[in-house]
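Lettering follows sequence order; numbering is per chain, from 1.
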Amino acid sequence: MNFELTEEQSLIRNMVREFAEEEVAPTAAIRDEEERFDRALMFDKLGELGLTGIVFPEEYGGAGADYISYAIAVEELSRVCASTGVTLSAHHSLCANPIFLFGTEEQKQHYLTPLATGEKMGAFGLTEPSAGSDAGGTKTTAVEDGDEWILNGTKIFITNGGEAETYVVLARTDKNAEKHHGISAFIIEKGSPGFSFGKKEKKMGIRSSPTMELVFENCRIPKSNMLGEEGHGFKVAMKTLDGGRIGIAAQALGIAQGAFDIAVDYAKERQQFNMAIARFQGVQFQLADMATQIEASRLLIYSAAYKASNGISYSNASAMAKLMASETAMKVTTQAVQILGGYGYTRDFPVERMMRDAKITEIYEGTSEIQRIVIGAGLTR
Amino acid sequence: MKILVCIKQVPDMESKFKIDSDSKWYETADLVWRMNEYDEYGVEQAVQLKEQQGDSDVTVLCIGSDRVKETMKKALAMGCDRGVHVVDDAIFAKSPQEIASIIADFSKDKSFDCIFTGMQSQDRGSGQVGVLLAEMLNLPSVTTIVDFSYDDGITKVKRELEGGIKALVSVKGPAVFTCQLGLNTPRYPTLPNIMKAKKKELLSVPVADLLHVESNQETAEIFFPEKKSGGLILEGEPADLADELLKILKEKTTVLS
Ligand SMILES: Cc1cc2nc3c(=O)[nH]c(=O)nc-3n(C[C@H](O)[C@H](O)[C@H](O)COP(=O)(O)OP(=O)(O)OC[C@H]3O[C@@H](n4cnc5c(N)ncnc54)[C@H](O)[C@@H]3O)c2cc1C
């Protein structure tokens with residue numbers, strides 16, 4: 001067993017950290033303030049650096065690296081800007097990955113390659129107004145009509161919505177089948193007739209990441225755009241989320257690490273009662289807990305990522321990693337604000353943004369309650 | 001075209017340095033290591049030259065312990081074609097003259113058309129290796145270059161002089177150039193190139209094979225300068241403070257004259 005990063009993983013961390021600090025960090029606060037997505041910076045640049053297809057084979061335009069490298073990239077981006085982190089995670093794990101896992105050779109050539117090279121951006125549409133944690137409640141329908149599928153319904157809260165060119169969308173193809181069985185997955189391109197965008201959400205955090213409604217009104221797509229087998233969409237969605245959770249866990253880890261780094265530096269500088277506040281045991285205890293939880297989260301994430309890259313089942317591991325890391329992110333960012341005191345509460349320091357950003361990691365790709373359900377079910381099967 | 005670029009691994013300059021037990025160098029445990037900043041400009045220039053010329057080969061050379069391999073991999077991921085790792089666990093004890101002679105011995109029969117080094121290292125800062133190397137190889141050298149162009153055997157470079165003045169120098173044939181901040185913007189090693197760097201040749205050479213000179217200098221001691229008496233702290237209202245500061249700057253310094 002070896003807990004050290006490989007040379008490649010270490011080079012990737014340094015490269016992404018340098019890029020994140022020099023190019024992403026300077027505009028993180030203003031993009032949050034203006035709720036502005038900057039595609040050139042937050043996606044196109046990632047493509048140039050080869051980060052849009054980290055784990056996919058070279059033959060599909062990927063870099064052929066492992067899941068630990070992927071987790072490191074999302075972590076380092078999220079350390080300075082959680083919105084950039086989730087842009088990559090949603091694109092890579094929720095759109096490109098199901099096409100890689102379930103796509104036909106033709107679908108991979110046609111859809112995965114431009115996603116992996118960063119020419120096109122991806123998104124994933126599962127959630128609906130009445131189907132959140134209960135994805136089996138999907139109401140969007142897809143009906144066969146000659147050489148086409150016709151979709152009707154709405155998807156809400158879709159990360160990268162409106163900006164992405166390629167969407168993996170779940171819809172019900174069999175109304176009579178039992179809940180989970182009548183659902184299928186589809187690849188839908190922006191610009192398909194009958195596909196439009198609705199409301200853009202105004203959010204508490206990750207405000208520089210667009211979250212949009214997808215609207216399908218007699219949306220017609222070619223029959224060949226079904227992803228995986230008919231009626232197996234629920235399985236596609238669950239497998240997709242297994243991988244996605246590593247990305248969100250890494251996002252949470254990055255947020256926590258970013259807030260922690262700021263809190264430590266601040267505690268060493270800030271003088272009260274004639275000494276640095278870092279010299280108070282009450283502050284050191286907080287820092288000790290924060291660092292310990294961060295390191296524990298990191299190990300869980302890298303271990304889930306290791307399993308994902310080595311063909312070991314990782315459903316439970318990624319649920320544990322996501323649960324631990326997202327709850328750690330919430331605790332650590334809250335404590336970081338505490339350590340910075342009144343300054344931490346203002347927008348002059350990034351920790352208040354990080355605290356707002358952290359909350360979503362306990363909600364999307366399965367709430368913390370759903371992670372516990374997944375882990376519990378796995379343990380008692 | 002055959003190009004050589006010499007790089008050094010140095011600690012991150014933000015690190016907290018401690019002096020080692022025999023006061024000859026800093027403690028190396030717990031430091032974060034990276035490529036010497038000036039050498040990054042050298043690597044970038046070497047790769048740009050290769051891209052411009054086509055049919056070229058860039059060798060990156062680094063002296064140090066096994067730890068430096070990671071920094072070499074970065075240079076390979078940035079576009080160097082092959083690496084030569086001169087294995088030496090006590091690089092910090094070598095004088096600039098010894099370092100230059102190691103590189104000169106390696107290069108002497110390789111007929112490099114162009115050699116880049118940093119203008120100095122961020123930790124030792126002697127600024128001697130590039131020029132000594134040129135001397136030993138009997139090549140011209142141009143130091144602190146901030147602009148570089150090559151056409152048909154003629155290299156034109158700009159050098160940075162004092163007071164914002166620059167000099168344009170042209171050199172015919174092979175030469176050594178030492179690189180200064182402003183020469184270029186080093187590229188990020190992209191992820192696919194990091195993966196490909198794994199497969200590039202990285203030759204290991206024991207330092208004893210290349211070192212044939214005795215050091216003519218030695219670092220007797222390194223130390224932190226004695227702390228000067230504490231700075232001046234002004235207190236009061238901002239407007240008064242500004243007046244007082246202005247007065248001090250006028251009377252005690254030349255910055256406003
Ligand atoms: C910013 C943002 C981005 C998003 N991006 C995407 C995206 O790209 N694609 C996509 O498809 N979706 C996306 N979502 C949707 C997200 O995944 C859902 O919001 C999430 O799964 C929760 O669903 P819900 O909001 O309907 O909450 P609900 O399911 O209504 O849950 C409400 C509460 O009830 C609890 N609860 C529900 N069921 C149980 C149970 N069985 N036991 C115990 N507690 C339970 C939940 O844990 C939660 O606390 C995004 C959401 C947001 C806010």
Any idea which heavy atoms bring Gly50(A) and Pro192(B) closest together, and the distance? CA-CD, 3.6 Å
Take atom CZ of Arg67(B) as the centre, draw a 6.0 Å sphere, and report whether it contains more than 12 heavy atoms from other residues, nucleotides or ligands. yes
Any heavy-atom pair between the side chains of Glu23(A) and Tyr188(B) that's under 4.5 Å? yes
Check the pair Leu49(A) / Leu191(B) against side-chain contact (heavy atoms from CB on, under 4.5 Å), numbers first and verdict last. CA-CA 6 Å; Leu49(A) 295 174; Leu191(B) 181 45; over 6 Å; no
Please indicate whether Asn310(A) has more than 12 foreign heavy atoms, meaning atoms of other residues, nucleotides or ligands, lying under 6.0 Å from its CG. yes
Determine whether more than 12 heavy atoms belonging to other residues, nucleotides or ligands lie under 6.0 Å from atom CD of Glu105(A). yes
With chain A, the option among Val32(B), Thr190(B), Thr71(B) that has the most non-hydrogen atom pairs under 4.5 Å is Thr190(B)
Just how far is it from atom CD1 of Ile194(B) to atom CD of Gln9(A), taken to the nearest 0.5 Å? 11.0 Å
Counting only heavy atoms from other residues, nucleotides and ligands, does the tally under 6.0 Å from NZ of Lys110(B) exceed 12? yes
Atom CD of Glu201(B) with >12 non-hydrogen neighbours under 6.0 angstrom: yes
OH (Tyr150(B)) with more than 12 external heavy atoms under 6.0 Å: yes
Looking at every heavy atom in both Glu70(B) and Ser10(A), which two are closest together, and how far apart are they? OE2-OG, 2.6 Å
Rounded to the nearest 0.5 Å, what separation is found between the CE atom of Met78(B) and the CG atom of Leu11(A)? 11.5 Å
Within 6.0 angstrom of Phe17(B) CZ, more than 12 heavy atoms from elsewhere: yes
Mind listing the closest non-hydrogen atom pair of Lys73(B) and Glu8(A) along with its distance? NZ-OE2, 4.4 Å
Contact between Asn14(A) and Lys74(B) at the side-chain level, heavy atoms closer than 4.5 Å - yes or no? no
Test salt bridge (Lys or Arg N to Asp or Glu O under 4.0 Å) on Arg187(B) and Glu48(A) and set out the steps. CA-CA 11 Å; Arg187(B) 67 194 66 193; Glu48(A) 287 165 28; over 6 Å; no
